[in-house]
Student: 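Below you will find the structure I want to go over with you.
When a residue number appears, it is its place in the shown sequence, counting from 1. Keep in mind that the numbers below use all heavy atoms, side chains included, and drop hydrogens, waters and symmetry copies. All of these numbers come straight from a predicted model, not from anything done at the bench.
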Amino acid sequence: MVGLKPSDVPPTPAMKFIGAGTAGCIADLFTFPLDTAKVRLQVQGESLPQSSTTLFRYKGVFGTIKTIVKTEGAASLYNGLVAGLQRQMSFASIRIGLYDSVKQIYCRQSESSGVACRLMAGSTTGALAVTFAQPTDVVKVRFQAHIKLVDGERRYNGTIDAYRTIAKEEGLRGLWKGGIFLIYFKQSVQNT
């Protein structure tokens, strides 16, 4: 056989980008019910008054999953999956897929790189990933936190509608709710 074997050819940056996003999506398919349970545990009781002594509905991760399946159906464990997959494609693609390229820019070396260089590359790609993926995370959590009512209306009629509704009702900043850079943005705007 003439030339390089497939294992000898390093993946292109585009292949790393797509591969990282795809791997993140596959992992998300398996772990999404756990993430939904985590979100429900985090938001339970938020709308209750302070003086309320109502017992929490969810107890532990697996108890939460069991309760969701019993009261809302198994499909509710995957509420927000589309936004979750969008998040993984954007977040993992940037964070993992661009890491080597950014590391080469910082290090200017192809073989060995120091810890500081790797930390800078990881911090840069992580910050970029969070910045670009935050709207998908906001929508994903909104779907996961929404408890399906038997005869109730849904707040959003799909993922795209959720992006539009949040932007319309809360402004574009609503899509980046929870992002730490927003705190600095608000402070800099107030100081000017």
Student: Do Trp176 side-chain atoms and Pro135 backbone N/O form a donor-acceptor pair below 3.5 Å?
Tutor: no
Student: Is there side-chain contact between Ser90 and Thr136, with at least one heavy-atom pair below 4.5 Å?
Tutor: yes
Student: Within the distance-only criterion (no hydrogens, no angle test), does the side chain of Tyr78 pair as donor or acceptor with the backbone N or O of Leu29 below 3.5 angstrom?
Tutor: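 It does hold such a pair.
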Student: Return yes if a side-chain donor-acceptor contact under 3.5 Å exists between Thr64 and Arg57, otherwise no.
Tutor: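 Result is no, nothing qualifies.
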Student: I would like to know whether Phe62 and Thr67 meet side-chain contact (heavy atoms from CB on, under 4.5 Å); could you show each step before the answer?
Tutor: CA-CA 9 Å; Phe62 295 110; Thr67 302; over 6 Å; no
Student: Would you mind reporting whether Lys16 and Asp100 have side-chain heavy atoms less than 4.5 Å apart?
Tutor: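 With C-beta onward as the side chain, the pair touches.
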Student: Take Ile166 and Tyr156 through the side-chain contact (heavy atoms from CB on, under 4.5 Å) test and state the conclusion after the steps.
Tutor: CA-CA 9 Å; Ile166 293 168; Tyr156 308 114; 3.7 Å; yes
Student: Arg40 versus Ile68: any side-chain heavy-atom pair under 4.5 Å?
Tutor: yes
Student: Looking at CD of Gln86 and CD1 of Ile160, how far apart are the two atoms once the value is rounded to the nearest 0.5 Å?
Tutor: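 So the CD of Gln86 and the CD1 of Ile160 are separated by 6.0 Å.
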Student: Evaluate the salt bridge (Lys or Arg N to Asp or Glu O under 4.0 Å) criterion for residues Glu170 and Arg164: first the C-alpha distance (whole Å), next the side-chain angles of each, then the deciding distance (0.1 Å), finally the verdict.
Tutor: CA-CA 10 Å; Glu170 303 173 37; Arg164 284 186 192 135; over 6 Å; no
Student: Please examine the side chains of Phe91 and Ile96, heavy atoms only from C-beta on, and report whether any two atoms are closer than 4.5 Å.
Tutor: no
Student: Which atom names give the shortest non-hydrogen contact between Ser93 and Ala20, and what distance separates them?
Tutor: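 Closest heavy-atom pair between Ser93 and Ala20: CA-CB, 4.2 Å.
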Student: What about Leu34 and Val82, same hydrophobic cluster or not, with Ile/Leu/Val/Met/Phe/Trp/Tyr joined at side-chain heavy-atom distances under 4.5 Å?
Tutor: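 Different hydrophobic clusters.
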Student: If you look only at distance, which donor and acceptor atoms sit under 3.5 Å apart when one is on a side chain in residues 116-130 and the other is two or more places apart or in another chain?
Tutor:
residue: Arg118; atom: NE; partner: Gly114; partner atom: O; Å: 3.4
residue: Ser123; atom: OG; partner: Leu119; partner atom: O; Å: 2.8
residue: Thr124; atom: OG1; partner: Tyr106; partner atom: OH; Å: 2.7
residue: Thr124; atom: OG1; partner: Met120; partner atom: O; Å: 2.8
residue: Thr125; atom: OG1; partner: Arg95; partner atom: O; Å: 3.3
residue: Thr125; atom: OG1; partner: Ala121; partner atom: O; Å: 3.1
residue: Thr125; atom: OG1; partner: Gly122; partner atom: O; Å: 3.3

Student: How many angstroms lie between atom CD1 of Ile94 and atom CZ of Phe132, to the nearest 0.5 angstrom?
Tutor: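 Going from the CD1 atom of Ile94 to the CZ atom of Phe132 covers 5.5 Å.
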Student: With clusters defined by side-chain heavy atoms of hydrophobic residues (ILVMFWY) lying less than 4.5 Å apart, directly or transitively, does Val69 cluster with Val61?
Tutor: yes
Student: Does Thr165 reach the main-chain N or O of Ala162 with its side chain, forming a donor-acceptor pair under 3.5 Å?
Tutor: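 Flag not set: sc Thr165 to bb Ala162 has no pair under 3.5 Å.
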Student: Roughly how far, to the nearest 0.5 Å, is the OH atom of Tyr163 from the CG atom of Leu175?
Tutor: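 Result: 8.0 Å between the selected atoms.
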Student: Does a donor on one side chain sit under 3.5 Å from an acceptor on the other, for Gln104 and Tyr99?
Tutor: no
Student: Could you walk me through whether His146 and Glu72 pass the side-chain contact (heavy atoms from CB on, under 4.5 Å) test, one step at a time?
Tutor: CA-CA 11 Å; His146 178 72; Glu72 302 174 47; over 6 Å; no
Student: Evaluate side-chain contact (heavy atoms from CB on, under 4.5 Å) for Lys140 paired with Asp137, printing each intermediate quantity in order.
Tutor: CA-CA 5 Å; Lys140 175 185 76 99; Asp137 206 32; 3.1 Å; yes
Student: Are the side chain of Thr36 and the backbone of Gln144 linked by a donor-acceptor contact shorter than 3.5 Å?
Tutor: no
Student: I'd like to know if Leu85 and Ile18 are part of one continuous hydrophobic network [Ile/Leu/Val/Met/Phe/Trp/Tyr, side-chain heavy atoms within less than 4.5 Å].
Tutor: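 No; Leu85 is not reachable from Ile18 via cluster members.
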Student: Work out which heavy atom in Ala37 is nearest to a heavy atom in Ile65; give both atom names and the distance.
Tutor: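 Shortest heavy-atom contact: CB-CG1, 3.8 Å.
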Student: Before giving the answer on side-chain hydrogen bond (donor to acceptor under 3.5 Å, both in side chains), spell out for Tyr58 and Gln42 the whole-Å C-alpha distance, their side-chain angles and the decisive distance to 0.1 Å.
Tutor: CA-CA 10 Å; Tyr58 305 120; Gln42 288 174 332; over 6 Å; no
Student: Any Lys/Arg nitrogen of Arg87 or Asp28 sitting under 4.0 Å from an Asp/Glu carboxylate oxygen of the other?
Tutor: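 A salt bridge is absent here (no side-chain N lies under 4.0 Å from a carboxylate O).
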Student: Between the side chain of Thr12 and the main-chain N/O of Met15, is any donor-acceptor distance below 3.5 Å?
Tutor: yes
Student: Considering only heavy atoms from C-beta outward, does the side chain of Val139 approach that of Arg142 to under 4.5 Å?
Tutor: no
Student: Got Leu77 and Phe32 here, is their nearest side-chain heavy-atom distance under 4.5 Å?
Tutor: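 No; the side chains remain at least 4.5 Å from each other.
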